[in-house]
Amino acid sequence: MGGSRSADPSGDRAVSGPRIALLGFSIECNRFAPVATEADFTSRTLVSGDAMLAEARSPAPRMLGELPGFVADMDAAGPWQPVPILLAMAEPNGPVEHIFFQRMMTQWENGLGAAGKLDGVYCVMHGAGLTTEDHDPEGTILTMARGVVGPTVPIVATYDLHANVAPADVDTIDAFIGYRTNPHLDMRERGIEAAQVLRRLLAGMNTHLAFVRLPIVPPTVTQLTGKDATQRPYGELIDLGQQRMHQSPYAGRIVNVSVMGGFAFADTPFNGLTVVVTATDADAAKALAREIAQAGWARRDRFRPHLTSLDDAVRLALDTEDRSTPPLIFADVADNPGGGGRGNTMWILQAFLGADVQDALVGVIHDPALAAEAHLQGEGTTFTARFNRGGGDEFSKPFSAPATVRRLLDGTVHGRRGIYANNTLDLGPSAALDIGGTTVVVLSNRYQCADPIFFEAFGLDIAAARVVVVKSRGHFRGGFDEFFRHDQVIEVDAPGLTSPILSRFPWKHMPRPVLPIDDHAEWSPT
């Protein structure tokens, strides 16, 4: 269970409004993926000071929406003094190199120490971070922040709903605010909520936090929240939390309810579906957290993945040649760059090419060497495309095929829909290659294919395709839903670093037994 803190509303404030420190560390870390380095952050978002604020206020920032939402709401509410320190945000990867993390820790700590009197702190967290030496870097940051600013300065943190919640992620803060949509479409709204809650804390609100963790590690494909999903036990829990917080006996006492699905591939001692409640009453926080946890436990048998075999996926793709059959989108959920996958496995591509699937788009393959060669060849050139020539992990198998360079790009695009909407995305040297009846998009910088812009930037018509393959676990649903209904989505069972079949991984730190990895697990609300 969590702790409690209150702001000191009688403290002196500058005429220009409250002084709020801003910092963040946001990366989803897959224990089985290669180590993340400083370069992985600089290629996405590693900004500090005034540049951090300028980026947050940009109409097309590189950062995700939490900080832009927070800053916009604070700007609209009246005078305030932002104290931006450092925001480090990267695409999902392996554990962060600890030496680099320590350098950032020094910058965060020195920044808070040099800030002088602060009225509050806002922290952009992910919750599934790792370093090569730390299971809970977010808790390390928050513990440090609390030590620097003292017990009475309110700290508010936002988290991705894939957070693995350790005690330090709750006990050190005054409000815990998690995403409520998966695909993630509410990052900006959660930043806005954080600003509004922080202002309530500054006005004197006292909070109590409680959390309950279940021995359930939901596979990624069971964590959908969309209303069109047929199996959405996780979304039901989020909906229940939002309903109950406004009903008796909780109405007026609950500040936030967050249901964290967690991220299995981080492989931490605190993996497990977790309910976190922020309230003005300690008993209400504990009771509601326990109530929602009980509802989660009642749904425990529904957190089992149901995927389509590769052979069946090939058959379904071939069936789309009949124009009376609707087109289909195939999700390569086991090679999701949004979960640390390398974005370069060949199983689905090879199978579809071998079966002569036509009118297909495949994206996006992360292969800088192949993209560079396509640029050397030039548009219209036919050559032998050699995928994964440099090798990689056990899933990055080499594959070659005759290809024609259809279109080349080098630079940034603006995300159009879903998680990347309004974001500036640096693709690096990239190419669209025609291979038989399939067009494959190859990028130099690694992203999950969650936005139609990854095809549209190359002039490709998604609506004209009969088959679309995306390397994404679920965020593609928020980008491609204008082309494909839920019943047109096929989640394919293929090898990869992000396979939802969790029994395939050599877990070392995860508490056991947990469902659905193990056949049985025990939990009691007492």
Do any N or O atoms from the side chain of [X] and from the backbone of [Y] form a donor-acceptor pair under 3.5 angstrom?
X	Y	result
Q488	R485	yes
Y447	G343	no
N271	V217	no
T172	T143	no
H414	Y420	no
R146	V153	yes
S58	A54	no
Q223	P218	yes
E491	A331	no
D451	R416	yes

Between [atom1] on residue [X] and [atom2] on residue [Y], distance to nearest 0.5 Å:
X	Y	atom1	atom2	result
D169	T140	CG	OG1	9.0 Å
M105	W108	CE	CH2	7.5 Å
L427	T412	CG	OG1	8.0 Å
T207	D174	OG1	CG	4.5 Å
I462	E456	CD1	CD	4.5 Å
N164	M260	CG	CE	10.5 Å

Counting C-beta onward and ignoring hydrogens, is there a side-chain heavy-atom pair between [X] and [Y] closer than 4.5 Å?
X	Y	answer
F454	L443	yes
R342	R446	yes
F395	D335	no
V170	V165	yes
V124	M63	no
H184	L64	no
F480	V489	no
V121	R19	no

Could you tell me which non-hydrogen atom of [X] sits nearest to which non-hydrogen atom of [Y], and how far apart they are?
X	Y	value
R62	N423	O-OD1, 3.8 Å
A432	T439	CB-CG2, 4.1 Å
L22	P82	CD1-CB, 4.0 Å
F25	P137	CE2-CG, 3.7 Å
F455	C449	CE1-SG, 3.8 Å
A494	A334	O-CB, 2.9 Å

Fill in: Centroid-centroid distance, F176 to F211, less than 6.0 Å
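Aromatic pair excluded; centres sit 6.0 Å or further apart.
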Worksheet entry | Distance flag, aromatic centroids of F476 and F484, threshold under 6.0 Å |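 Centroid distance F484-F476: not below 6.0 Å, so no.
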Worksheet item: Among R190, E66, E189, H162, which one satisfies side chain to side chain donor-acceptor pair (under 3.5 Å) with Y179?
Response: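 Of all the options given, the one that passes is E66.
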Item to complete: Please name all residues satisfying ring-ring contact (aromatic ring centres under 6.0 Å, His included) with H135, sequence neighbours left out, ordered by chain then number.
Response: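 Here the qualifying residues are H509.
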Discussion item. Test side chain to side chain contact (heavy atoms under 4.5 Å, CB included) on L209 and T278; report intermediate values, then the result.
Written reply: CA-CA 5 Å; L209 278 68; T278 303; 3.7 Å; yes
Practice prompt. May I ask you to check whether over 12 heavy atoms, not counting those of D461, lie within 6.0 Å of atom CG?
Written response: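 Counting other residues, nucleotides and ligands, CG of D461 exceeds 12 neighbours.
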Taking atom types as modelled, is there a side-chain donor on [X] or [Y] under 3.5 Å from an acceptor on the other?
X	Y	answer
D186	T181	yes
H366	N344	no
R473	N182	yes

Discussion item. Going by side-chain contact (heavy atoms from CB on, under 4.5 Å), D332 matches just one of V470, T498, L349, T345. Which one?
Written reply: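 Only one of V470, T498, L349, T345 forms a side-chain contact (heavy atoms from CB on, under 4.5 Å) with D332, namely T345.
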Discussion item. Under the criterion side chain to side chain contact (heavy atoms under 4.5 Å, CB included), I'd like the reasoning laid out for T106 against Q102: C-alpha separation, chi angles, the key distance, then a yes or no.
Written reply: CA-CA 6 Å; T106 298; Q102 288 179 310; 5.6 Å; no
Practice prompt. Could you please spell out the steps behind the side chain to side chain contact (heavy atoms under 4.5 Å, CB included) verdict for M74 and R199?
Written response: CA-CA 9 Å; M74 291 298 293; R199 291 198 297 273; 3.4 Å; yes
Practice prompt. Apply side chain to side chain contact (heavy atoms under 4.5 Å, CB included) to Y122 and T158, showing your working.
Written response: CA-CA 8 Å; Y122 171 51; T158 48; 2.8 Å; yes
